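Structure record follows, encoded as structure tokens.
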Amino acid sequence: MKTNLISKKDLDLSKFQLNDLQEDVLEDLELKPILEIMSDKDKFLNQTILKIWFNPLNTAEDIIYRQAAIKDALKHSQEIHDLYQIIVETIKTVRSEFWTLDSGSASYKLHSFARQIDIYLKYIAKIEIFSNVDWQSRNFQNFFGRLKNTFSPQSLSAMHDLIDIIVTNNTYSFPVKLNKNFGSDVSDLDFNKKTNRLSDMMGSMKIRFEKNEIKFVIPERDDDSSNALGHYNNIADLNLATKVVNTKYEFENFFNELKFQMGFLLGNVRLKNALTNIKITYPTIAPMTDIKELKNVVLLLNDSNHAKIVGNDLTGNISLVIISGTNQGGKTTTLRSLGQAQLMMDSGMFVFADSYQAPIYSRILTHFKREEDSELTSGKLDNELYRMSNIVKNITSKSLILMNESFSSTNEHEGSQINAQIVSGLVNSSTTVISVTHQFEFTKLLDLNDDVNPIFLRPERDQNGHRNFKLLKGYPLKTSFGIDIYDRIFGTNNN
Amino acid sequence: MFDSLLFQDINHQPQILPTDDPIFQDLNLEDLFTKINQLTGYDIRKINHQPLTNDNEIRYRQETFKDFQEESVYQAFEYFTKQMLYNFQQHTELHKLDPKSYREHNLVNILDNEFEAIDTLLSKLENKSLSSSGLSKFISYLKKYQNSDKIKTIKSKITIINRDFNNIYYRLYLNGRTVTVESSPKHKESMNDNFKETFSPIFESIQDMDSPVKMEDNRSPYSMNNLQISIITQLSKLYPQQFLELSNFYNQYSRYHDQLIENTVQELTFFLAWQKVERIISTQTDLSFTLPILTNDGSEKVINSFDLNLALKLIQRTDHPQIITNQFTLNPNKPFLIISGPNQGGKTTYARMTGQIFYLARLGIAIAGTSAKIKTRKNIFTHFDRQESSNKLSGLLEIDIDRMYQITKKVDAHSFVILNELFSSTSEEDATELGNRILKELDQKHATGIYVTFLESLGENSRVQTLMSQVTSNAKRTFKVIPENLNGQAYTDILLKKYRLSQSDIEGELLK
């Protein structure tokens, strides 16, 4: 049974663990507040969203497919919420009513798993009711179409009846062949229709009278025979039990997959509902980047005065973007907003911008200056280089690397040399780099290199030296504007 | 007339060496034999302790061993031997089986399997030409046996019984503790098929419905359980004719067996075990084995040989270390090899390798190497320094000398003597003197051998060939042992050079 709500293929549901590089991205791009809004701090949803974020989609087709589901979900936020509750309840009921051991004989598994299947059947019927909703997307329409097709009223009742026979059956019979070792080669359990007890007894007496058969009774204390009997039952049950167990797993997987996909959609509903007045857009995919009024999601979530928050633009065929200039000029915020939006786009989500067009990146990586390890002066550069080498090892085709004041743990000359070597190497191997830097010498070195063609951005600055946190294209100036801040804070501005 | 694969003359066998003979420990042979039993599952320890002394007997086994070097011949006999051993074992345990009809039916299976194994062997070897007289004679014996009237009669009875019992089907009805056995049952639809039909629509691919599930207690028990005994008892009433047939067969043939075939199968395990071990090594490494050419005079030579026990140990390691091969040459003019070199450089391994060559050659099997020409040594003596008793220094020298005395008394022109770090518990001067005396003593008896020692002056003896274990210029051991004048300084020079502390290094540095 396929879910296929947010992906044309089933998703991998195995437990997801962020690796070191992904931890860095989560930290550096400040993704946690977004995650908390989407998951409402639910552990499962946290896992789900992280897994989807860090397994980006690879094709425009996949992105558009998922965008369609999200659009539909935002239109039916109540239904998404209700469906998710039903799914959660199903899984909880199965788990709490029958706690099944992984080990156990075929006969044991046959009965306990058959009961669980019955529970799933009950909840399938509840989910089917939502097929009457006016779903807009193929994603939802097809999902409910498949569900109705597999679980028509007739087949649901046939399934239920068969489970009932398995669970209540108390006369066993099966055909056997005497094997070469004089043992019993037991075949599959016979199918005995459920009939009323009296007619069953009468019927079987009549039939058996005509048969060639001998009866014996196992003595009370003969444990060996009792064990063997249980054993023959297990063999007779084996193929059926295997099917029952796999069927149960098929239901379980279906519900887990459904929970995963519906959970992600619910997260999107929640994020949109948290910022009802902010314009969202569904990114378009193109080699050229064209972004208008992109806003940092975390700033939006933290500050209710949305009007204050400035959006940024970025246009061009970007392979290298150098953001330089004033401290507190919004450089890091902008860098993060680009990273956030790209991550959201690559996982099929909407972004908070007026318009957003960009290529797909198979991987987003971050290399941010670490404040916390400032005491380890000697090891800091080593650590930075180590992290960068780790990043380089993990680069796949078409990656985006966001660098924030990298290699500033050493003097500017050395740092610039390292930075220029690394960035040139990355850009020349068709990796896209967006780098925030104070290193004037680094940008000079890049300028001398004909192979790289950077776009330079720096904060806008009015005549009074006031900044409005908007980045504009502009060649880096030799000094950062720390003095501006100093002037503002100390009130020493003479203009 | 065929009577044995191991001995041409089965009535004149060589003696079985006592397991406390020092060679088994010193040459790591005991360890090797244990490994071979473990690796192959055959117990060939007794034959391994009974080395041959007659060159013609050795060549008789070598011929047979050569036939086994052909893959298809080896495979055919390997399968045959396994089958036969299993059935012999079953036969000896037959009396333990209950109920009676089960015991009776087992005899049918055992004999059937044995004839089947013989038939399979003969058909596999049909177009193969065996060059050894031992195997050729055994095969003709088997052919005659299979074609005898007696065997043909037994076979035809087995065929009838198998056909009749292969048609026994029944249905079991279980209700509480009541079991009903119904003979010749009718077909019924199974619950399994019904479930498949009803639930298959939920599966994307139908095979997923039958993916293996871990379940306890789902394999048939081998032994006859009480329930099955009851069932068999009922079946004997439901199928009386077939069970009578079975009893008659048992009464006639329960004691039937062929002693020569049983003996020969046991003998086969010796060849198969060694062949298997050599196959394991030569497929996993580039090492080779060779059947040595036995000679009476001239120099002896074994090319690319190695310590077999060490090789077996190393191939089991996960880091796959390279196994170093060495050459062994012994010239009649220089009947003793003196080996020196740094510790852990492969001297003792070389000495063991040589001892193994002479011992294993006497078993009639292939030895480690790409080619070999050697004389058969009827006696091999070893004396290895026993590290563990070094706390009793005073007594040790005495034990050493006493042991050497015992050896020199017994040695002759057919002896090979391996001495390892002899007299290490006394002064260098003493040890040199003692060593020279022992060499002279052994030479007078025309014995040959190896002397592993750090005493350089022993190399000055005109009747010895000196060898050194080798190290590279950065002090790495190569485990190669090659003819070279003894030079204790060589290794120290290498170490000094590595750290740039040799006299010339230091001068060069300081005088710059």
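Just so it is clear: chains get the letters A, B, ... in the order the sequence lines come, proteins before strands, and each one is counted from 1. All of these numbers come straight from a predicted model, not from anything done at the bench.
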field: 4.5 Å side-chain heavy-atom contact, L229(A) and R177(B)
entry: no

query: Does a sphere of radius 6.0 Å around NZ in K8(A) hold more than 12 heavy atoms from other residues, nucleotides or ligands, not counting ones at 6.0 Å or beyond?
result: yes

field: Proximity of residues 106-124 of chain B to chain A, residues having a non-hydrogen atom under 4.5 angstrom
entry: N109(B), D112(B), N113(B)

- prompt: Are the side chain of K188(B) and the backbone N or O of L189(A) linked by a donor-acceptor pair below 3.5 Å?
  reply: no

- request: State, yes or no, whether a side-chain contact exists between R171(B) and D190(A) at a heavy-atom distance under 4.5 Å.
  value: yes

Sub-4.5 Å side-chain heavy-atom contact between Y172(A) and L172(B): no

query: Do side-chain atoms of N246(A) reach the backbone of S211(B) as a donor and acceptor pair under 3.5 angstrom?
result: yes

message: With heavy-atom distances below 4.5 Å as the criterion, would you say the side chains of Y239(B) and L178(A) are in contact?
response: no

message: With side-chain hydrogen bond (donor to acceptor under 3.5 Å, both in side chains) as the criterion, how do N166(B) and K180(A) come out once you've worked through the C-alpha distance, each side chain's angles and the decisive distance to 0.1 Å?
response: CA-CA 8 Å; N166(B) 197 32; K180(A) 220 170 175 257; over 6 Å; no

task: Answer whether the closest heavy-atom distance between the side chains of P175(A) and Y169(B) falls below 4.5 Å.
output: no

query: CG of D12(A): more than 12 outside heavy atoms within 6.0 angstrom?
result: yes

statement: If one checks every heavy atom of F151(A) against chain B at 4.5 Å, the contacting part turns out to be side chain

- prompt: What pairs of residues pass the side chain to side chain donor-acceptor pair (under 3.5 Å) test when at least one of them lies in residues 192-201 of chain B, not counting sequence neighbours?
  reply: D188(A)-N192(B), K243(A)-N192(B), E189(B)-N194(B), S190(B)-D193(B)

message: Assess the residue pair I214(A) and Y170(B) against the criterion (side-chain contact (heavy atoms from CB on, under 4.5 Å)); give the C-alpha distance rounded to whole Å, side-chain angles, the decisive distance to 0.1 Å, and a yes or no.
response: CA-CA 11 Å; I214(A) 304 181; Y170(B) 46 103; over 6 Å; no

message: Which one wins on heavy-atom pair count under 4.5 Å against chain B: D224(A), I218(A), V217(A), V176(A)?
response: V176(A)

message: Tell me if the OH atom of Y256(B) is crowded by more than 12 foreign heavy atoms within 6.0 Å.
response: yes

message: Heavy-atom pairs under 4.5 Å with chain B: which of N149(A), V244(A), I117(A) has the most?
response: V244(A)

- prompt: Do the side chains of N225(B) and N227(A) get nearer than 4.5 Å, heavy atoms only?
  reply: no

message: Quick check on the structure: residues of residues 241-254 of chain B within a heavy-atom distance below 4.5 Å of chain A, by number.
response: F243(B), L246(B)

- prompt: If you take all heavy atoms of M224(B) and F182(A), which pair is closest and at what distance?
  reply: CE-O, 3.4 Å

- prompt: Is any residue of residues 226-234 of chain B within less than 4.5 Å of chain A by heavy atoms, and which ones?
  reply: N226(B), L227(B), Q228(B), S230(B), I231(B), I232(B), Q234(B)

field: When T178(B), I202(B), D210(B), D208(B) are compared by non-hydrogen pairs under 4.5 Å with chain A, the top option
entry: I202(B)

query: Could you state the interatomic distance from CE (M215(B)) to CG (L238(A)), rounded to the nearest 0.5 Å?
result: 5.0 Å

message: Does any backbone or side-chain atom of A241(A) lie under 4.5 Å from a heavy atom of chain B? Answer side chain, backbone, both or neither.
response: both

query: CG/L162(A) to CZ/F199(B) distance, rounded to the nearest 0.5 angstrom?
result: 6.0 Å

message: Can you tell me if K148(A) has over 12 outside heavy atoms packed within less than 6.0 Å of its NZ?
response: no

